[in-house]
Amino acid sequence: MLKFILKWLVNGAIVVALLLYYTDIGFWNAALAATGLTVVSYLIGDQFLLRTTNNFFAALCDIVLAAIYLAVLSYGFSWDLSWGETAFLAFLFGVAEWVLHRFLFNEEFRVSG
């Protein structure tokens, strides 16, 4: 649980700060978007992909997941988030995920079989 909270804080800081900078949404909406992205990333990226593949592939998928997630939110809520801003935010999100798994969590995940 502590690892999830750390992940939520790191990812939240990145996503909230950049959403506040790039769009005109409020803090709580940005925080909710960051929380949703963290939960989806944890369930898909950490619990499934990271356990079955390697850190690089899981981080790459986190970048794609974040880009799609933010693009859908941007379209659905009419945020002024361009594709370049979405790509940059998703890239930073993926780099943060890679760093968290590589240096802070530092767990060996093995594929059983």
Side-chain angles (χ1 to χ4, degrees):
M1 185 64 160
L2 183 62
K3 291 180 181 181
F4 178 77
I5 293 172
L6 180 61
K7 175 186 182 82
W8 178 63
L9 290 173
V10 170
N11 291 338
I14 293 168
V15 174
V16 169
L18 289 177
L19 282 178
L20 290 175
Y21 181 74
Y22 289 138
T23 66
D24 59 351
I25 65 173
F27 173 79
W28 293 112
N29 288 334
L32 283 173
T35 300
L37 180 57
T38 301
V39 169
V40 170
S41 171
Y42 176 76
L43 293 175
I44 294 173
D46 295 359
Q47 296 302 313
F48 178 69
L49 290 174
L50 190 59
R51 293 177 189 271
T52 58
T53 62
N54 60 20
N55 188 20
F56 177 77
F57 184 75
L60 190 63
C61 289
D62 278 331
I63 291 171
V64 172
L65 173 77
I68 293 169
Y69 178 86
L70 292 170
V72 167
L73 286 182
S74 177
Y75 178 77
F77 293 111
S78 299
W79 297 346
D80 288 334
L81 197 60
S82 72
W83 284 105
E85 294 164 348
T86 302
F88 180 69
L89 203 156
F91 176 74
L92 286 182
F93 181 84
V95 169
E97 285 289 316
W98 184 84
V99 168
L100 282 171
H101 295 139
R102 174 83 167 107
F103 296 110
L104 296 180
F105 298 159
N106 200 17
E107 290 184 7
E108 284 286 327
F109 291 109
R110 298 179 192 264
V111 178
S112 60

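One is the number of the first residue; the rest follow in order along the sequence.
- The two residues W98 and A59 come nearest to each other via the heavy atoms CB-CB, 3.8 Å.
- Counting heavy atoms from C-beta outward, L43 and F48 have side chains that stay 4.5 Å or more apart.
- Under 3.5 Å, the side chains of S41 and D62 contain a donor-acceptor pair of N or O atoms.
- Here L73 contributes atom CG and S78 contributes atom OG; the two are 11.5 Å apart, rounded to the nearest 0.5 Å.
- With Q47 contributing its side chain and I44 its backbone, the two residues share no donor-acceptor pair below 3.5 Å.
- Distance CG/L81 to OG1/T23: 6.5 Å, rounded to 0.5 Å.
- With contacts defined as side-chain heavy-atom distances shorter than 4.5 Å, the pair V10/V99 does not qualify.
- The distance from the OH atom of Y22 to the CG atom of L70 is 11.5 Å, given to the nearest 0.5 Å.
- No chain of hydrophobic side-chain contacts below 4.5 Å, direct or via other Ile, Leu, Val, Met, Phe, Trp or Tyr residues, connects I14 to L20.
- Counting only heavy atoms from C-beta outward, the side chains of W79 and I25 approach each other to under 4.5 Å.
- One hydrophobic cluster, built from ILVMFWY side chains closer than 4.5 Å, holds both F77 and L89.
- V64 and F91 fall into different hydrophobic clusters, where Ile, Leu, Val, Met, Phe, Trp and Tyr are joined by side-chain heavy atoms under 4.5 Å apart, directly or via other members.
- A33 approaches Y69 most closely through the heavy-atom pair O-OH, 3.1 Å.
- Linking ILVMFWY residues whenever their side-chain heavy atoms come closer than 4.5 Å, directly or via other members, places L49 and V40 in the same cluster.
- Side-chain contact check for F88 versus L18: some heavy-atom pair is nearer than 4.5 Å.
- Residue pairs satisfying the salt bridge (Lys or Arg N to Asp or Glu O under 4.0 Å) criterion with at least one member in residues 88-98, sequence neighbours excluded, are listed as follows: K7-E97.
- Atom-to-atom distance recorded for T53:OG1 and L60:CG is 10.0 Å, nearest 0.5 angstrom.
- Taken to the nearest 0.5 Å, the CD1 atom of I68 stands 11.5 Å off from the CG atom of L37.
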TODO: For side-chain contact (heavy atoms from CB on, under 4.5 Å), just list the numbers for F4 and T38, CA-CA rounded to whole Å, side-chain angles, deciding distance to a tenth of an Å, and then say yes or no.
DONE: CA-CA 9 Å; F4 178 77; T38 301; 4.0 Å; yes
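- Of all non-hydrogen atoms in A67 and A90, the two that sit nearest each other are N-CB, 3.6 Å.
- In the hydrophobic clustering of this structure, Y21 does not group with F27; members are Ile, Leu, Val, Met, Phe, Trp, Tyr whose side-chain heavy atoms approach within less than 4.5 Å, directly or through other members.
- Rounded to the nearest 0.5 angstrom, L50 CG and Y42 OH are separated by 10.5 Å.
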